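When reading the values below, keep in mind they use all heavy atoms of this one structure, side chains included, and skip hydrogens, waters and symmetry mates. Predicted model, so just to flag it, every value in this text is computed and none were measured. Each residue takes its place number in the sequence, starting with 1.
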Amino acid sequence: MFRTRQHRNRPNGTLRAAVFICWLLLACTTASAQDAGGSLWTGTVEAASASGEHFWLIIKDADLAEDSTPRKADEERPYQLCYHGPAMAAGMFAPLRALAALPEHFLAVGDHAFMISARDDPAAGFDVFSISVAHNEPFDVYYALPRDRMELHDPLPGGTIVDLADHGGSLVVLLDIPFDPNADASEESITAYGLQLMQLRTGGWFHFLMPPVQTGSDQLLRVATTGQAGDQLMLIEPMSSDAGQCVVHRLIGDESQQDKDSWKSETIALDLQSVRDITRSGGQAAIIQQTGSDTNIRLGYLRQTGVIELAVVDVPSPLWFIVGTSSKLQLITSSPDNPPTTVSIDAITGEQFEAQELRVHKSKSARIWFVALILAGSVSIALLIVLLRPAPKDAVELPKGVELLPPMQRLVSLVIDAFPAAVVTLLITRCSIAELLQAPLVTPKLIMSDAYLILIGLTLVHSTISEIATGTTLGKAMLGARVLTAAGEKPGIGACLLRAFGKLLTLLVLPIAVFGLLNRNYQGVDDLLGRTLVVHEPEEEKAASSDDR
């Protein structure tokens, strides 16, 4: 009626305990290393942009430094895209994405950073990419979206990009497209060349009706915006008759119903040749001008009557940027020999605050350690199960006609069980297959495991219901396997729920799966908790049963 199987010698309990204590330490180390935090940034700032409270940098050779000791740079991706958000302390930046090359044009638009690069063939135009940022508040972790790539937008035609601006939460580009002598001479073809003011919208690039500008001044033209969201668009051009003055064209009325009266023009005193950049701070267009000295710059606001001076700022390094946020201006300086620094400038008074070295944003370490304790606790529970409920020295006695399901086939049955849940998860989250497989212990940020957690949750729900009702799951049924208690009976509800908890521990802390290999009865944590076995009918028994019929 019953039979006993002999198995090769397996590792003893002491060895099993040693193995899982090592995994316990690994769980703690992995979780606590998710955010070293507080380290100095090294390298040089190559690009900077801000929009509202979103502040972006691109740093070359941006190796993190512990105690100011630099590490070797990644030669294939030497640039690091970094982000500062409204919830961060001053001077803190979170690394979001390593870049292989510096984009030719870089602009912050809301919580997006746009990067524009020319294609290999200049006539083929420009590729336009963007990336946004998401914030996991419980763990204070920042990560890039999309996670594994950049979002590609409709390309720009070939030409020269004169200027960029953030207008109403979308990207605006002033593009000078050279005339193609081989094109037809129709009016539509002719208007497709020259200066084009274009805005990226959901359906593609929208072309504004251009105001009349002077020929030959296109490379000095500037695009600027005012208002908290950059609602008013301005085009600024120098006057050919007077280099100290310029014409400001303001777009008024409904943009979708433009006509020749859509632009209102006014002349102000401003030498555009001295303008280094135009940013937006506090809803106003801030003008950054070079002075006669190489060591300082002049800041002011563009008004209808001219430029109102805000402050004169000393720049200690030749490599510097000034960007505007909602309430202040930020001066960023860097050099190959010193960490990058930022100086805040009050947008109303022009007061300059103390320079701060840029540091890596440090997440809430207490909560990260809480995650580490959860993972370590899971391993500890599994270890206690093994020590307090050791497997019998001999193989268990099984009913005649069945044998233990080997580990490889158990893995196949689990994959089959997970397949319907994977399909549902992909449809819900629209993640990639790679993102679907990011378990908590194999990813640097816990938030990146959200798709995986949904997957295992759905898998456990349908497989547990199936085990309670039929004693098997979809995957086990396809392999001719079922779950039995030590007495050879179908497991009850309590045993199935304990098995579900054991599966959850195993899928959260994947190294626990090795229990099934160390145990002579192929019992994983789920089987040890539920005191169950997974069995199947051998092929020879199936053939014999078929012959008897």
Side-chain angles (χ1 to χ4, degrees), residues 2-20 23 378-379 381-418 456 459-460 463-464 466-468 470-492 494-542:
F2 293 92
R3 57 183 175 178
T4 301
R5 280 188 175 77
Q6 298 297 325
H7 294 269
R8 60 184 175 84
N9 292 332
R10 303 281 180 133
N12 59 29
T14 303
L15 179 58
R16 289 199 298 266
V19 169
F20 284 97
W23 281 116
S378 301
V379 179
I381 291 172
L383 181 59
L384 287 174
I385 292 170
V386 174
L387 297 178
L388 298 179
R389 289 190 169 190
K393 294 181 180 180
D394 298 321
V396 295
E397 295 181 338
L398 299 174
K400 186 178 180 180
V402 298
E403 65 179 15
L404 296 172
L405 188 67
M408 188 54 65
Q409 293 188 41
R410 293 192 64 165
L411 176 61
V412 172
S413 71
L414 176 62
V415 172
I416 296 173
D417 287 337
I456 64 174
T459 302
L460 290 176
S463 62
T464 303
S466 179
E467 282 187 2
I468 293 173
T470 66
T472 188
T473 64
L474 174 64
K476 293 181 179 68
M478 293 183 67
L479 296 178
R482 64 185 187 276
V483 182
L484 295 179
T485 64
E489 300 173 348
K490 173 187 168 184
C496 291
L497 292 178
L498 286 173
R499 281 177 53 80
F501 179 67
K503 289 179 184 177
L504 177 62
L505 291 180
T506 303
L507 293 172
L508 285 177
V509 188
L510 293 176
I512 296 179
V514 78
F515 273 118
L517 298 176
L518 296 177
N519 186 287
R520 66 178 63 251
N521 298 313
Y522 301 137
Q523 290 177 291
V525 175
D526 53 344
D527 291 314
L528 291 171
L529 281 173
R531 293 191 178 277
T532 57
L533 301 164
V534 179
V535 301
H536 73 130
E537 186 178 354
E539 293 297 329
E540 58 269 19
E541 297 287 350
K542 293 181 182 179

Taking C-beta and beyond as the side chain, do [X] and [Y] meet within less than 4.5 Å on heavy atoms?
X      : Y      : value
His536 : Pro406 : yes
Leu414 : Leu507 : yes
Val483 : Lys476 : yes
Leu533 : Gln523 : yes

Any chance you could measure [X], atom [atom1], to [Y], atom [atom2], to the nearest 0.5 Å?
X      : Y      : atom1 : atom2 : value
Leu405 : Leu411 : CG    : CG    : 10.5 Å
Asp417 : Met478 : CG    : CE    : 10.0 Å
Leu404 : Gln409 : CG    : CD    : 11.5 Å

Q: Give me the one residue out of Asp526, Thr485, Asp527 that meets side-chain hydrogen bond (donor to acceptor under 3.5 Å, both in side chains) with Thr532.
A: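 Testing Thr532 for a side-chain hydrogen bond (donor to acceptor under 3.5 Å, both in side chains) against Asp526, Thr485, Asp527 leaves exactly one candidate, Asp527.
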Q) With distance as the sole test, does Ser466 use its side chain to make a donor-acceptor pair with the main-chain N or O of Ser463 at under 3.5 Å? A)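 No; judged by distance alone, with no hydrogens or angles, the pair does not exist.
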Q. Minimum heavy-atom separation for Gly530 to Ala495, with atom names?
A.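 Answer, listing the atom of Gly530 first, then Ala495: O-CB, 3.9 Å.
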(Q) Can you tell me which residue among Val402, Thr473, Thr470 is in a side-chain contact (heavy atoms from CB on, under 4.5 Å) with Arg482? (A)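 Per the side-chain contact (heavy atoms from CB on, under 4.5 Å) rule, the option paired with Arg482 is Val402, out of Val402, Thr473, Thr470.
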Q. Which residue pairs satisfy the salt bridge (Lys or Arg N to Asp or Glu O under 4.0 Å) criterion with at least one member in residues 500-513, sequence neighbours excluded?
A.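 Passing the test, one end in residues 500-513: Glu467-Lys503.
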Q: Could you tell me which residues satisfy side chain to side chain contact (heavy atoms under 4.5 Å, CB included) with Ala500, sequence neighbours excluded, listed by chain and number?
A: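 Partners of Ala500 under the side chain to side chain contact (heavy atoms under 4.5 Å, CB included) test: Thr464.
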